[in-house]
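Throughout, protein chains are lettered first and strands after them, A, B, ... in sequence-line order, and every chain is numbered starting at 1.
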Amino acid sequence: MEQFARVIRKDGQTIRYLIVDDSVFARKNLSRMVESFGGQVAGEAGDGRAAIAEYDRLQPDLVLMDITMPEMEGIEAAERIVRQHPEARIIMVSSVGYQENIVAALQRGARHFVQKPVKADVLYEVIKYVMGEDCVVAKGATQGS
Amino acid sequence: MTFFSEDRMAELRQLFFESTQEILQALNEEALRLEKNPGDAETARSIRRAVHTLKGDSAATGFRELSQIAHELEDALAPEVTSAAPAAELVELVLSAADTFDGMLAAYRGNLQLPSVEPLQACIARLRSTGASQSETAPRSPAAAAPLMWSEYQQVAIHRALQRGKKVYRIVADVDPNCLTKAAAWQLFHNVLQRTGEVLAVQPENAGSEQISHLEVVIASDKPEAWIADRCRIPAVIASATVSAWKARQASVSAAAEPPAVAGAASPVAENVLRVDAERLDQVLNLIGELIIGRSMLQQVLGEFSRRFPKDTLRNKFADAMAFQSRVLNDLQRSAMQVRMVPVEHLFRRFPRLVRDVAKQCGKEVALLLSGQETEMDKSILDAIAEPLAHLVRNAIDHGLESAEERENAGKPAKGTVRLNAYHQGNHVVVEVGDDGRGLDPALILKKAVERGIVGSEEGARLSPAETLDLIFRPGLTTAEQVTAISGRGIGMDVVQSVVQKLKGSISIQSQPGQGTTFVLKLPLTLAIIKSLLLRVQERLYAIPLNAVVEISRASEDAIHRVDNHEVLQLRNTVLTLVRMNSVPAELAPGKRIFVVVIALGERRYGLIVDELVGEEELVIKPLDSEVIVSDLVSGASILGDGRVVLMLNLSAVVDHYSRRSLPPLASPALPAPGSAAGAASGGAQ
């Protein structure tokens, strides 16, 4: 796995993630990636409804959200979360074929999107971008996994 | 190479020279406009159009060199270059191009050696390199791509934001080619910008197209430019983005949208306007003049007929016919004169450029106020005063206006003002050149005049303030402390005055220390036909322009006094300097009644002593060849109805000549010297 400079919050805290996907494999994959960036997976959810509950409970810094899920689609979950928490940073994760869904999610408040299969370097840049001024790249502290 | 006959070609060239004057004028005007509104795309376009027209016209006329350099300039004025180049440089280029073209045209016209175009080519090259280097700062940046067109609505939105004082930015972005969901990319980009500021315009307008690769957005934002640029570089979505502060010139520049240059676009001449050679017009006017002479002849004959046959019924019929013909003739004369009349604007429009150049050379900030441009005057007079007026304006900027520092110390705005104004006053056109500068200092003028021996110190001390100011019209006097390249070489003001006087006009000065100076040029409406007063001096018939006559008075010789070297007459409560064209009697004949014609020259008045008044007449003035007459005392001649020739006096020269000659020593009143008394008696009053 590639090595990434650790991305942390501006206040020095580790960035906390909520990972939402109905596929356990996908969740694992994403978890490993964010951990390689120096982040911490605060929680996981397998559907939209659970994602909303987990967000309320965990108040993570970032959400990685799949679009196609049972119970409640990612778009609706994203919309509800943003309505409750306008500051929520949600990155949509989706296959190419779901462009309209991505657009819809973006229109409802998602901050960014990445395409499956997710590439770590792309996700890394996207995360840095979405965190914007609220994150810093820790100097020297490179963490591999 | 031409399919036109020689004649046709000559005519074509003539037309070309005339129309290019207008193009050059337009170039000058547009360049100045661009200087005022840097980056105005519309102005830049119209400059390019003018150059394009010039290129085409000169090629058609066979002036290859001009066409070539115009072509190079047109290329250099492409929107992508003009929008990137510094406005000041662009303005300089256009102005110097106008000058170069002017020089080339003059050379073509006079079959002279063409001026070198190298300086202009160097200018063009410089503009191109700065234009290129500006876009090189972002190599192959999206900004260099063909700019998009903003819709009316978008332009209004942008305009409003600017009016509200918002900072407006133009962002050009390329979508990451690896991003396969372009619509999502569009949406995300849009989202990001909405968080950055107020999105005013987006191209393309919605996410619908799958083919989006290039995005252009205009936003209003309080965020710094660098920050916006940073936010626009969206990973995985936007490959590159450039942010630049919005400039009006980016409004709608599009190569494709540029309207094709219309031939003659620079000359907005209506269809029913004819270009007529001034010479042909003069000919018509000349013939009308002959008709007027014919009328006087007829009138004379009619007078004689009436005297001989006072009872004849035919007399009334003659008189009626004469009156009718006379009325039509008057109308004809007026219409013909009207044809020669052009608005002063033709002259005034040259001045913005002149003022700009001179102000720049002097390092001063100068505003030019024009008024009365619609005032009409004879074309030949207009042409004749162009140079004097330019001289006055140069003087006003160079000497009249103080430096910005001096002005501020005096509590005046740092920017000086030069005014050009024109209006009709009776049979005259008045043109004023004024400045709000330091004003003329009579003491300084007097000091210089005495230093240079223009006036004696005693004589100088007695001059009124107005007379002192008039000294600046004497040859060899300049009050400039410094002689600059622009003015102050001691030639000029006397030339200005002589030109104005040659036109049977006058020039006067109004000056307030610390508040400015105004030169007032009073010019006749026309030169060809002048209402005149006929008078007789020593059996000779002369004419003077009636509009110079203020009043006619009678006086007796013993009312004339001598002051210094002048004869004066007290007329009511003013003292009038007298001008005697005949020899001055050593002894005044008491009780002898004389006519005094009070004439106005500028602000000053003189009394012309004449023997007899003959009457008023409309005279058609014919210029006199210098071979026929070598005196500047006479400005022309005319033929009266009875065939007599009358000379038109050049009043200012007459006054100058006769008032300055020294008077013969005044004999003692008790015992007049016999010799001088006899001489006076023979040459003087009879």
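- Residues A:G132 and B:R231 come closest through the heavy atom pair CA-NH1, 3.7 Å.
- Separating the CD atom in B:Q187 from the CD atom in A:E100 is a distance of 12.5 Å, to the nearest 0.5 Å.
- Counting heavy atoms from C-beta on, the side chains of A:H112 and B:I234 come closer than 4.5 Å.
- More than 12 non-hydrogen atoms from other residues, nucleotides or ligands lie less than 6.0 angstrom from CD of A:E87.
- Among all heavy-atom pairs drawn from A:I102 and B:A184, the shortest one is CG2-CB, 3.6 Å.
- Contacts of B:R233 with chain A are made by backbone atoms alone, with heavy-atom separations under 4.5 Å and no side-chain atom involved.
- The side-chain heavy atoms of A:F113 and B:V237, taken from C-beta on, include a pair separated by under 4.5 Å.
- Put simply, the side chain of A:R111 never gets that close to the backbone of B:V192: no donor and acceptor are under 3.5 Å apart.
- No more than 12 heavy atoms of other residues, nucleotides or ligands shown are found within 6.0 angstrom of NZ on A:K119.
- Looking at A:A110, only its backbone comes within 4.5 Å of chain B, counting heavy atoms on both sides.
- Taking CG from B:L188 and CE from A:M92, the interatomic distance works out to 12.0 Å, rounded to the nearest 0.5 Å.
- The distance from the CH2 atom of B:W186 to the CG atom of A:L106 is 11.0 Å, given to the nearest 0.5 Å.
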